[in-house]
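Numbered from 1 within each chain, the chains take letters A, B, ... in sequence-line order.
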Number of protein chains: 2
Amino acid sequence: MNLKELASRLGLSPTTVSRALNGYPEVNEATRERVMAAAKRHNYHPNTRAIRLATGRAMAVGHVIPVATRHEIVNPVFADFIAGAGETYSRNDYDMLLSVVPDDQEEAAYRSLKSKGNVDGVIVHAPKMNDPRIALLHDIGLPFVVHGRATGTTLPYSWLDVNNRRAFQRAAEFLLDLGHTRIALVNGLEFMDFAIRRRTGYEGALSARGIAPDPALMSSDEMTEIAGHRAARRMLALPLRPTAFMVASMISGMGVRRALEEAGLQMGRDISVIIHDDDLSYMKNGEDVPIFTATRSSVRDAGRLAAEMLLDLIANPGPVPQQRLLEAELIIGQSTGPCLRL
Amino acid sequence: MNLKELASRLGLSPTTVSRALNGYPEVNEATRERVMAAAKRHNYHPNTRAIRLATGRAMAVGHVIPVATRHEIVNPVFADFIAGAGETYSRNDYDMLLSVVPDDQEEAAYRSLKSKGNVDGVIVHAPKMNDPRIALLHDIGLPFVVHGRATGTTLPYSWLDVNNRRAFQRAAEFLLDLGHTRIALVNGLEFMDFAIRRRTGYEGALSARGIAPDPALMSSDEMTEIAGHRAARRMLALPLRPTAFMVASMISGMGVRRALEEAGLQMGRDISVIIHDDDLSYMKNGEDVPIFTATRSSVRDAGRLAAEMLLDLIANPGPVPQQRLLEAELIIGQSTGPCLRL
DNA sequence: AATCGCCTTCAAACCGCTTTGGATGGCGCA
DNA sequence: TGCGCCATCCAAAGCGGTTTGAAGGCGATT
């Protein structure tokens, strides 16, 4: 069942039927209702491929996922971000296009998305310092929203980010208030922008209290259980072990916890831990009472909002970028307590 | 730059240019090369929207992701499966379409995907017992491959699955051989097909050695850290505690490990644990030496293969379903050892 | 020399929708 | 009565490719 057939059944022209269904004013309300009813009765759905060609819009948003040939790290927060964004797209009748490409072909992927006309815009994930994708997308004229920010970029662009600096600053202050002075940072890879900002917040809080950040208490690695465990283990073996840990993610935090338990330390009593909690649906931080004290910010909400920003940008193009900074909550859980060796 | 313009620059008809680029035989090799060169030089990429309308093919595959309104569980293995499938699609110039819908609108989502012509086929995730989606997709005539199987379904259909029954049977036998008799099962939700099969394998192995499965030693819940912890904790409090655990996933396993450590038990010495390892890229089971003894099967490979099956099914339609059963490896790690109370 | 057939190429129809630019008829108003 | 203006509807031209059916050119065959 297509437009032409539906039109002929109704004794109308395709023009009128199309307009009736799309809510144009120049059609009699009585006929509009007749058309609507017939469309429902015959289970008519306009062919998306034809709409796309005719309107020149793709009605789709792209997400390019680079897969590293060596590391093969698929970001664990990715699934939740996508779920959030996907809800927004569904609500607005947009499709979500995932493009999984080897990381050395990422630029080509964006270019092809644009020149083949598959999408109306893209979301940029995991920005790095001086991320080249921003200039690229500017160049080729593909609307985009960055999830995060890219330090060093001078071009204006739209982004949605969590205030990672302030979150880690507050978390560090919270630990300092509890009397901790040897606070370790188990950070993500520091070519990622958010990791840089988190370190800045951590160092700022320490410095403000006259504590010089100690390189031995700072690590930067992938946010896996293994890496979290490794980092914590190393630091716990120091002559002057830390009395508190700040950890980049829930999963890293589980590795840290394992190291603590191996060392016979009880979390929250002997030693304090604060993690960043992306509020992943499959990795909840406890049920009623949070296991970890955490800086929390839902990555799923971020997905929802970033998608909304992008759709808005597509509908209302203009040179003015949209920017939105979300604050993380500081959730008090069972993993922090006063420093024992005052 | 479009076909018509490229053609006029070359002094050829659009027909010939189109054929030259698409490798049709009825075009002079010399002109084909001339066309190819010009296409590259002018950076010509055919407009996907036009191709789709003209050919009637969507050149896209859909994945419908239902989000439960209450539980809000986004399957953690999902990201890796998608990454694998996405590689296959990219290689074959197919798009991957993700449709995130409330779980009570899943049927409508499939119907709409079909009637609007957005995709040529779909992958069905997380099949349940007597899964209604199989009959539905049969009905509406949308090619599909199921990741897993659906017990109780009589219709023939294409699937790719891991031999979950045998994997858990072998794992149980391995524990039995080590002298364990009180073996606990921390399973996933048992309306999921794979969870049912795992339990069958587990029970079969016990029964074959004359051990009656003990309901107190079997739990079925979401595969989260919290749920794993809760189940293990409950079982460890039994008068006759288990000496070994079989656990449905890496994440559940971390919860079990936490319960063991709280009980002062050392994994691999005091008590044994076998998990199922989906080989997630962000959740590796150790580096050189596996932390957990595990039944392992890469969900990413499964994604790659399922996507290949589907593309094949789309290219060569026919009534003969394709089916493929993958075997899981049994990986010996540090979390298992002989039963102490022989 | 006429015919045949192959190799190339092309014009035009088509995919299913949107949208522009009329056309038609009824109505109010002078 | 005549005119202009809406309200309503339609024919046709796109959108940018693919594909069908046909035609031109040329060497080989008879």
Side-chain angles (χ1 to χ4, degrees), chain A residues 1-36 38-39 42-60 93-95 112-120 315, chain B residues 1-36 38-39 42-60 93-95 112-120 315:
Chain A
M1 173 62 59
N2 57 17
L3 222 210
K4 204 196 295 187
E5 189 172 340
L6 184 63
S8 80
R9 267 179 213 262
L10 282 162
L12 288 169
S13 73
T15 309
T16 304
V17 175
S18 169
R19 285 183 163 152
L21 295 174
N22 291 315
Y24 282 75
E26 59 267 79
V27 45
N28 189 309
E29 273 312 313
T31 48
R32 187 195 302 282
E33 275 165 31
R34 205 159 62 87
V35 171
M36 292 286 214
H42 294 96
N43 194 30
Y44 167 72
H45 292 270
N47 183 304
T48 308
R49 297 191 289 263
I51 293 180
R52 287 178 172 156
L53 181 56
T55 60
R57 294 179 307 164
M59 295 302 289
D93 285 317
Y94 266 71
D95 280 343
S112 141
L113 239 33
K114 167 70 179 184
S115 64
K116 300 201 296 187
N118 301 27
V119 300
D120 297 319
Chain B
M1 173 60 61
N2 56 18
L3 222 208
K4 206 195 293 185
E5 188 173 341
L6 184 64
S8 80
R9 269 180 212 262
L10 282 162
L12 288 170
S13 73
T15 311
T16 304
V17 175
S18 171
R19 285 182 163 153
L21 294 173
N22 291 315
Y24 282 75
E26 58 268 77
V27 46
N28 190 311
E29 273 312 313
T31 47
R32 186 194 304 281
E33 276 165 30
R34 202 159 62 88
V35 171
M36 294 286 214
H42 294 96
N43 193 31
Y44 168 72
H45 292 271
N47 183 305
T48 309
R49 297 191 289 263
I51 294 180
R52 287 179 171 154
L53 181 57
T55 60
R57 294 178 308 163
M59 295 302 286
D93 286 316
Y94 266 73
D95 281 343
S112 138
L113 239 32
K114 167 70 180 183
S115 63
K116 300 201 296 185
N118 301 27
V119 300
D120 297 319

Touch check for G11(A), heavy atoms < 4.0 angstrom, all strands: base, sugar-phosphate only, or nothing?
sugar-phosphate

Between dG17(D) atom P and L6(B) atom CG, what is the distance in whole Å?
9 Å

Please tell me if S18(B) has a side-chain N or O lying less than 4.0 Å from either OP1 or OP2 of dG17(D).
no

Do M36(A) and L21(A) have side-chain heavy atoms sitting under 4.5 Å apart?
yes

Using whole Å, what does the distance between atom P of nucleotide dG16(D) and atom CZ of R57(A) come to?
15 Å

If every non-hydrogen atom of R32(A) is compared with every non-hydrogen atom of G23(A), which pair is closest and at what distance?
NH1-CA, 3.2 Å

Identify the pairs formed between an N or O of the protein and an N or O of nucleotides 20-25 of chain C at a distance under 3.5 Å, and give each distance.
from, atom 1, to, atom 2, distance (Å)
dT20(C), O4, R19(A), NH2, 3.3

Ion pair check, D95(B) and R52(B), cut-off under 4.0 Å:
yes

Across the strands shown, which category fits I51(A) at heavy-atom distances under 4.0 angstrom: base, sugar-phosphate, nothing?
sugar-phosphate

Between dT19(D), dT18(C), dG17(D), spot the one nearest the side chain of Y24(B), thanks.
dT19(D)

For A7(B) and S13(B) the tightest heavy-atom approach is CB-C, 3.8 Å

Verify the neighbour count for atom CZ of R57(A): are there more than 12 heavy atoms of other residues, nucleotides or ligands below 6.0 Å?
no

For dG17(D) and N2(B) - does any side-chain N or O of the residue sit under 4.0 Å from the phosphate oxygens OP1/OP2?
no

Send over the distance from L12(A) CG to dA7(D) C1', rounded to a whole Å.
15 Å

L3(B) atom CG is separated from dC14(C) atom P, nearest whole Å, by 19 Å

Give the nucleotide from the list dT9(C), dC17(C), dC9(D) with an atom nearest to the side chain of N28(B).
dT9(C)

Would you say dC15(C) has OP1 or OP2 under 4.0 Å from some side-chain N or O of T55(B)?
no

By nearest atom, which of the nucleotides dC9(D), dG16(C), dT18(D) is closest to the V27(A) side chain?
dC9(D)

Checking the side chain of N22(B) only, and the main-chain atoms of Y24(B) only, is there a donor and an acceptor separated by less than 3.5 Å?
no

Check L6(B) against H42(B) and note the closest heavy-atom contact, atom names and distance.
CD1-ND1, 4.0 Å

To the nearest Å, how far apart are M1(A) CE and dC17(C) P?
10 Å

Quick check for you: among dG17(D), dC10(C), dC10(D), whose closest atom lies nearest to any side-chain atom of S13(B)?
dC10(C)

Proximity to the side chain of T16(B) - top-ranked nucleotide from dC10(C), dG16(D), dC17(C)
dC10(C)

Nearest heavy-atom approach of Y94(A) to D120(A) is CE2-OD2, 3.7 Å

Taking CZ from R34(B) and P from dT8(C), how many angstroms apart are they, rounded to a whole number?
14 Å

Could you give the CG-to-P distance, from L10(A) to dC10(D), as a whole number of Å?
10 Å

Rounded to whole angstrom units, what separation is found between the CZ atom of R49(A) and the P atom of dT18(D)?
14 Å

Pick the closest DNA chain C nucleotide for A50(B) and for P14(A) by heavy atoms, then say which residue is nearer the 5' end.
A50(B)

